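Below: the structure, in structure tokens.
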Amino acid sequence: MYTDAFLIEKDQFSPWLEVLHQEFRLIGPIEENGFYTFAEIQSVRDLALNYDTTMLGPRKFIYHPEEKICAFRKTPEGFEIEPLGKAAPQILVGVHSCDLHAILVLDKVFLKKGFQDRNYRMWREATVIMGIHCTGVCPNCFCASMGTGPLFEPKEGYDFLLTDFGDRYLIELLGERAEKFILPLKLQRATESDFKKKQEIGRKVENQFKKKIDTTHLVDIILRNQNHPVWKRTAEELCLGCTNCTMVCPTCFCYNQKDEIGFDLIHYERKRYWDSCQELHFAQVHGGNFRFTRMARLRQFVTHKLATWVEQFGCFGCIGCGRCMTWCPTGIDLTEIAKEIMVTEQNKTIRMSEAQQFENG
Amino acid sequence: MTNLPKTTFYETIFYRLRRGKDEAKRMMEKRKFRLGVFKYTCCAGCEFQLIYFQKHILEIFQNLEIVYFQMGDSNGKEEGPFDIVLIDGAITQAEQADQLKKVRQAAKFLLPIGSCAVNGGIPAIKNSTSELEIEQRVYQQIAPIHSMKAHPIDEYVRVDGCIKGCPMGEADLVEAVTSLLIGKQPNFFNYSVCVECKLKGNLCVLVAYKEPCMGPVTNAGCGALCPSYGRPCYACWGPMEDANAPALAQLFEKIGLSPDDIYRKFTQYGSPKSEFRKGAELYGSKT
Ligand code: SF4
Ligand code: SF4
Ligand code: SF4
Ligand code: SF4
Ligand code: SF4
């Protein structure tokens with residue numbers, strides 16, 4: 001695949017986006033009531049590319065919170081079904097490394113061989129993605145621990161990747177689509193020293209993380225401790241079952257469907273919307289509910305993100321963005337849960353080795 | 001099957017399986033559903049809401065025959081029989097409970113509409129004060145008053161679903177009536193207001209501004225109306241199933257609400273419901 005890298009002056013960058021804006025919906029971070037949020041942008045001037053984090057990730061513009069998926073009509077013979085929705089060409093500007101990884105994770109879910117999700121694919125293909133490297137960290141993010149940042153390493157999942165050099169950006173390109181867009185600009189090609197500078201920025205950010213988690217044995221530790229007291233205690237004392245954690249998590253993919261009945265009782269529309277395992281009825285099936293307790297539901301979220309995802313998709317379900325703990329009303333933090341379990345395990349090992357020494361001694 | 005009028009294969013199978021011969025027949029004859037609307041203790045807002053909805057869901061009402069609806073037509077038949085009965089208001093008198101039981105027996109489907117009927121609602125605010133004190137505050141002569149504590153409908157009779165809201169929400173009403181008309185189980189909202197709030201992409205006022213939002217314990221259906229305007233939810237839809245009210249009540253204490261305020265938050269719209277009582281009782285007395 002085509003790759004290249006250039007330098008683009010910030011003075012040149014905005015007018016270029018304006019030109020693209022004539023052809024595309026432009027989506028990026030803007031400031032609203034003192035918080036940043038991804039939104040459709042009217043003018044490039046509104047873009048806040050130095051944003052820290054957003055409540056909902058850019059996921060919502062590819063895998064929509066609510067979406068009509070088909071319409072069906074009762075006919076004398078049965079039903080006629082017609083898929084709904086058409087993707088609009090759009091550019092997602094300013095996607096951080098963690099969220100770029102989150103999109104790669106969603107690709108694994110929705111673009112699996114043999115099980116392609118029509119609507120996801122449609123929007124994914126219509127979206128030009130322009131990533132940007134973070135220049136600082138948030139109190140709750142820990143991408144360095146999850147291997148998803150601060151620099152975005154994979155050579156897939158984006159069209160452009162920006163690194164802020166102060167008065168200009170290093171702009172890395174991936175794919176023919178990106179080349180076509182940038183060609184008219186006649187930019188200066190990036191050199192070895194520019195890449196060194198990028199690495200340096202990455203290292204500087206990496207040293208700032210406040211939140212860390214050791215992932216070496218994480219999967220086993222979580223799976224071994226499904227009956228640890230931390231689950232029940234957190235679920236009873238703190239967890240509201242409100243679903244905010246999973247709603248803001250950029251890799252959560254679960255959805256529910258609802259048929260909207262037309263007033264004529266002949267036309268129907270099927271819509272899907274984000275669902276959450278924190279919701280009581282999520283696990284309601286014929287004959288009962290297999291996650292009837294709040295404890296089982298909270299444990300499902302954390303276990304899925306930090307353990308079972310690995311077997312399912314070959315990567316962690318958590319990309320370390322810190323959103324779930326930030327937007328959980330009671331501040332439930334999955335890294336703290338994992339750490340509490342780790343401490344118990346360590347104590348157990350210490351006790352065991354002490355016992356052994358005692359026996360040997 | 002042979003002696004039934006001609007109909008589609010799907011329709012016949014579907015209705016036979018789901019609702020038996022009766023419904024299949026109704027569908028084929030295009031017989032209208034017989035509707036009853038009963039009102040107990042409430043502000044009658046939900047009935048107005050029904051009259052108001054009627055305007056934009058006229059097509060649905062064409063499938064209904066109004067058999068009893070005191071507010072819309074005073075010549076109704078109280079004894080039914082009914083296909084669908086909607087009940088507005090809480091039970092606060094013994095006679096209401098007696099009539100309710102009769103209505104249940106005459107109804108195929110019975111659904112409470114609005115917070116008063118579903119959860120006790122506003123009338124149940126009085127439940128935390130003694131009856132005598134309440135009556136003395138309101139009436140000069142209390143001799144003719146035979147009031148009891150406010151109870152939701154499902155404490156007296158079985159219900160076939162709830163149309164929540166104060167006043168009731170249009171989405172749930174439409175879902176219930178259209179579902180019953182085509183013979184399927186209604187798909188009610190059964191999660192927290194937070195779900196709708198996040199689907200809308202609202203900034204969370206509880207986390208961002210420490211506003212005491214009841215969204216995490218309140219049943220969805222309103223489309224997160226209040227948070228969409230930057231205001232905290234005050235739980236007019238009533239509790240969601242399995243809500244963790246104590247955890248939220250304790251959070252409210254941390255963000256600076258007084259015990260009285262917390263008590264009021266959890267008794268304003270659904271005090272008879274155990275989900276909310278668990279939160280209220282941590283901060284107030286039980287009478
Ligand atoms: S956001 Fe927090 S309180 Fe709500 S369901 Fe998730 S962990 Fe529980
Ligand atoms: S689990 Fe939490 S920290 Fe991890 S990706 Fe999801 S929202 Fe971010
Ligand atoms: S954490 Fe829950 S909502 Fe998220 S993907 Fe896993 S099961 Fe689905
Ligand atoms: S504003 Fe209220 S309803 Fe919305 S997510 Fe926050 S707590 Fe839930
Ligand atoms: S947000 Fe809460 S108070 Fe407002 S309408 Fe909805 S349920 Fe009622």
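This structure is a prediction, so every number in the text was calculated from the model and none was measured. Letters A, B, ... mirror the listed sequences (proteins, then strands); counts begin at 1.
- At a threshold of 4.5 Å between non-hydrogen side-chain atoms, the residues A:L280 and B:M240 do not count as touching.
- Using cut-offs of 30° and 60° on the angle between ring planes, the pair B:Y191 and A:Y273 is tilted.
- Here the SG-CE distance, from B:C204 to A:M55, works out to 7.5 Å after rounding to the nearest 0.5 Å.
- In terms of modelled atom types and a separation under 3.5 Å, the side chain of A:K258 and the main chain of B:N187 share a donor-acceptor contact.
- Contacts between A:Q257 and chain B at a heavy-atom distance below 4.5 Å involve the backbone alone (N, CA, C, O).
- Atom CZ of A:R233 has more than 12 neighbouring heavy atoms from other residues, nucleotides or ligands inside a 6.0 Å radius.
- Atom OH of B:Y52 has 12 or fewer neighbouring heavy atoms from other residues, nucleotides or ligands inside a 6.0 Å radius.
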Full working for side chain to side chain contact (heavy atoms under 4.5 Å, CB included) between A:H281 and B:E241: CA-CA 9 Å; A:H281 306 83; B:E241 208 180 333; 2.9 Å; yes
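- By number of non-hydrogen pairs under 4.5 angstrom with chain A, the leading residue of B:V217, B:L248, B:V195 is B:V195.
- A:L240 and B:A247 get closest at one heavy-atom pair: CD2-CB, 3.7 Å.
- Around CZ of A:F290, the count of heavy atoms belonging to other residues, nucleotides or ligands within 6.0 Å exceeds 12.
- Looking at B:L199, both its backbone and its side chain come within 4.5 Å of chain A, counting heavy atoms on both sides.
- Looking only at side-chain heavy atoms (C-beta outward), A:E279 and B:D242 stay at 4.5 Å or farther from each other.
- B:Q250 and A:E237 make their closest contact through OE1-O, 4.4 Å (heavy atoms, listed as atom of the first residue, atom of the second, distance).
- No side-chain heavy atom of B:L206 sits under 4.5 Å from any side-chain heavy atom of A:W327.
- Contacts between A:T246 and chain B at a heavy-atom distance below 4.5 Å are absent for every atom of the residue.
- Side-chain contact check for B:N244 versus A:E236: every heavy-atom pair is 4.5 Å or farther apart.
- Using a 4.5 Å cut-off on side-chain heavy atoms (C-beta onward), A:P329 and B:L251 make contact.
- Between A:C245 atom SG and B:K198 atom NZ the span is 10.0 Å, to the nearest 0.5 Å.
- Atoms CG and OG, on A:N244 and B:S192 in that order, are 6.5 Å from each other to the nearest 0.5 Å.
- Your options are A:P65, A:G331, A:C242, and the one with the most heavy-atom pairs under 4.5 Å with chain B is A:C242.
- Around atom NZ of A:K271, more than 12 heavy atoms belonging to other residues, nucleotides or ligands sit under 6.0 Å away.
- For A:N33, the parts lying under 4.5 angstrom from a heavy atom of chain B are both the backbone and the side chain.
- Residues of residues 159-179 of chain B that come closer than 4.5 Å to chain A, counting heavy atoms only, are B:V174, B:E175, B:T178, B:S179, ordered by residue number.
- Per-residue counts of heavy-atom pairs under 4.5 Å with chain B were compared for A:T37, A:D275, A:T243; the largest is that of A:T243.
- Here CG of B:L181 is found 8.5 Å from CD1 of A:I261. Values are rounded to the nearest 0.5 Å.
- Residue contact with chain B, scored on non-hydrogen atoms closer than 4.5 Å, is absent for A:A39.
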List the steps and the verdict of side chain to side chain contact (heavy atoms under 4.5 Å, CB included) for A:E32 and B:L203. CA-CA 9 Å; A:E32 218 176 58; B:L203 184 70; over 6 Å; no
